[in-house]
Amino acid sequence: MMIQTINTNPFKDQKPGTSGLRKRVTVFQQPHYLENFVQSIFDTINAPAGATLILGGDGRYYNREAIQTILKMAAANGFSQVLVGQGGILSTPAASCIIRKFNTFGGIILSASHNPGGVDGDFGIKYNTENGGPAPEKITEAIFEKSKTIQHYKIIEAADVALDVIGETNLAGMTIKVIDAVTDYAELMESLFDFSAIKDLLASGFRMKFDAMHAVTGPYAEEIFIKRLGAPSNSLMNCKPLPDFGGGHPDPNLTYAHELVEILYGDNAPDFGAASDGDGDRNMILGKGFFVTPSDSLALIAANARMVKGYAKGIAGVARSMPTSGAVDMVAKSLDIPCYETPTGWKFFGNLMDAEKVTLCGEESFGTGSSHVREKDGLWAVLFWLNILAIKRQSVEQIVKRHWLQFGRNVYSRYDYEDLPLDAANGVIHHLRDNFTAMTGKTFGQYTIQTCDDFSYTDSIDGSISTQQGLRILFTDGSRIVFRLSGTGTSGATLRIYLEAFEPDTNKHGLDAQTLLAEMIQIAMQISELKQRTGRDTPTVIT
Ligand code: VG1
Ligand code: CO
């Protein structure tokens, strides 16, 4: 076996964000850039000799090239086996499922999630640990430190490996197993949900539309909805995975999944609509002419969990990211189970799930999941909804409105301002932080600021502390505004403003969120000086 040791000029900017290292494809194509980061992962995790690794990505442009490089590096770094998804493809939740199922020494996932793909799009890489979840900050920080100083990487010289056919090959003594992860994943779903009840629902005239957005979930959706659940083939759209996602933005929200939204709000709309993102971990849920906010979806899943096979024994607890609405808190209270508030990013849920403190987790950013894996899981959420619908036999809108009647409504919206100049975006945050004391007690119309703080989190399991996780402006009536800078963008800075108002008045449950939050957004603009500081007053995306 030939091991090449090549000197690198360490890259100083390989800082993983909310979910791994994300950069433009052109950045990853620089000589040694990918190798530098992969060797930093291997040096940090220090896998024992003979370890097995999982490898796969969302199929975006550069996926195949990156996989070939990583396989040759894994062989040179002493792994004895790598399990690769067929064609180099694995959805993020399927990768998590496989790591757990085969007890491997973690896995490498290639994805920039919902970011656009293609030659001019984004690429990304992250390491998931043995529990199947994204590496905690302690490890990602260590990888980053390594990436700034390492001098060499190890790689063998060999021809590319064929990855399209299921089977085994050998690469310089390392076994490469090309696996059919779709089956493993579908089996896990079948163990959690009542497929025969969902089958009956789909045979009863109930119509659904699932949009894979030309991303990774297409083959999974075909296997599950068409083959196993008997849905007609026109229940699916955009199910052929494409390296550039068909030129779209594989982000399941009202803006980017507009094709699906138009169908669900159009004439002769189906009863249920859903979409998932580039790597299959996000979900959007729609009813006929009705949008379910991700925060409400989490709350509703928690409230109805017991009626679903895999959760019939009840749930241990729930967790949500800080900016996610408090709708699930209300459910946790009524179920008398703990509810944890964590920083943004799925890696913060891992310890709580491993310790069996929580069963369900969610984020306002269209992420919902449970301890069946250690990633959020788009198709899992869609199946959860179908299972609830199969039992309740009410419309999506009825189910949500009845939930609000019982628990009250947490009116919610997020405004994103993308690609801002870095200094201006930082300026907004600093300005707000500097004014915490001055703002406290101030009244704006019906709203009075009670407290302001900079969210910091102490992990109750390992004691690790994460600071500066978003600014919270809390009002006396329980409403709040959160300001936070994104950690997944690849160009400029993205400022997110999260707005939440609790609405117990059932007479107002028919009104849309933007109407109900109009005053809050004015307050957000005023206290942040957003327009003066960035020149923008219109968000790029509203969800
Ligand atoms: C965004 C979301 C966050 C999510 C992350 C990864 O991060 O807000 O909730 O965990 O994306 O999602 P940020 O830092 O840009 O706000 V995905 O589907 O990558 O894996
Ligand atoms: Co994603």
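Numbering of residues begins at 1 and proceeds along the displayed sequence. In listed order, ligands and their atoms are each counted from 1.
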Environment of the Co ion (ligand 2) in terms of protein N/O/S atoms, cut-off under 2.8 Å =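 Correct list: Ser113 OG, Asp277 OD2, Asp279 OD1, Asp281 OD1.
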Side chain proximity check, Ser276 to Phe210, heavy atoms < 4.5 angstrom |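 Answer yes - side chains close enough.
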Assess Ser321 for proximity to ligand 1: is some non-hydrogen atom of it under 4.0 Å away?
-> no
contact_flag Lys376 ligand 1 heavy-atom lt 4.0 Å | yes
Going by an N to O cut-off under 4.0 Å, is there a salt bridge joining [X] and [Y]?
{"X": "Glu130", "Y": "Arg374", "value": "no"}
{"X": "Glu341", "Y": "Arg472", "value": "yes"}
{"X": "Asp454", "Y": "Arg433", "value": "yes"}
{"X": "Arg24", "Y": "Asp120", "value": "no"}
{"X": "Lys148", "Y": "Glu145", "value": "yes"}

Please list the nearest protein heavy atom to [atom] with its residue and the distance rounded to 0.1 Å.
{"atom": "atom 2 (C) of ligand 1", "value": "Ser365 OG, 3.5 Å"}
{"atom": "atom 7 (O) of ligand 1", "value": "Thr488 CG2, 3.5 Å"}
{"atom": "atom 4 (C) of ligand 1", "value": "Glu363 OE1, 3.6 Å"}
{"atom": "atom 11 (O) of ligand 1", "value": "Arg282 NH2, 2.9 Å"}
{"atom": "atom 19 (O) of ligand 1", "value": "Arg22 NH2, 2.5 Å"}
{"atom": "atom 20 (O) of ligand 1", "value": "Asp281 OD2, 3.0 Å"}

Any nitrogen or oxygen of [X] lying under 3.5 Å from a nitrogen or oxygen in ligand 1? Just yes or no.
{"X": "Ser113", "value": "yes"}
{"X": "Leu485", "value": "no"}
{"X": "Thr18", "value": "yes"}

Classify the contact between [X] and ligand 1 as side chain, backbone, both or neither, using a heavy-atom distance cut-off of under 4.0 Å.
{"X": "Arg414", "result": "side chain"}
{"X": "Lys347", "result": "neither"}
{"X": "Thr494", "result": "neither"}

Side-chain donor-acceptor pair present, [X], [Y], cut-off under 3.5 Å:
{"X": "Asn410", "Y": "Glu500", "result": "yes"}
{"X": "Tyr417", "Y": "Thr534", "result": "no"}
{"X": "Ser325", "Y": "Asp296", "result": "no"}

Contacting atoms of ligand 1, where contact means under 4.0 angstrom from a heavy atom of Gly487 | 13 (P), 14 (O), 15 (O)
Check: His249 ring centre within less than 6.0 Å of Phe245 ring centre =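 Aromatic pair excluded; centres sit 6.0 Å or further apart.
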Near-ring test Phe123/Tyr61, centroid separation under 6.0 angstrom | no
Among all residues two or more places apart in sequence or in another chain, which pass the side-chain contact (heavy atoms from CB on, under 4.5 Å) test with Ser486?
-> Thr488, Thr494, Arg496
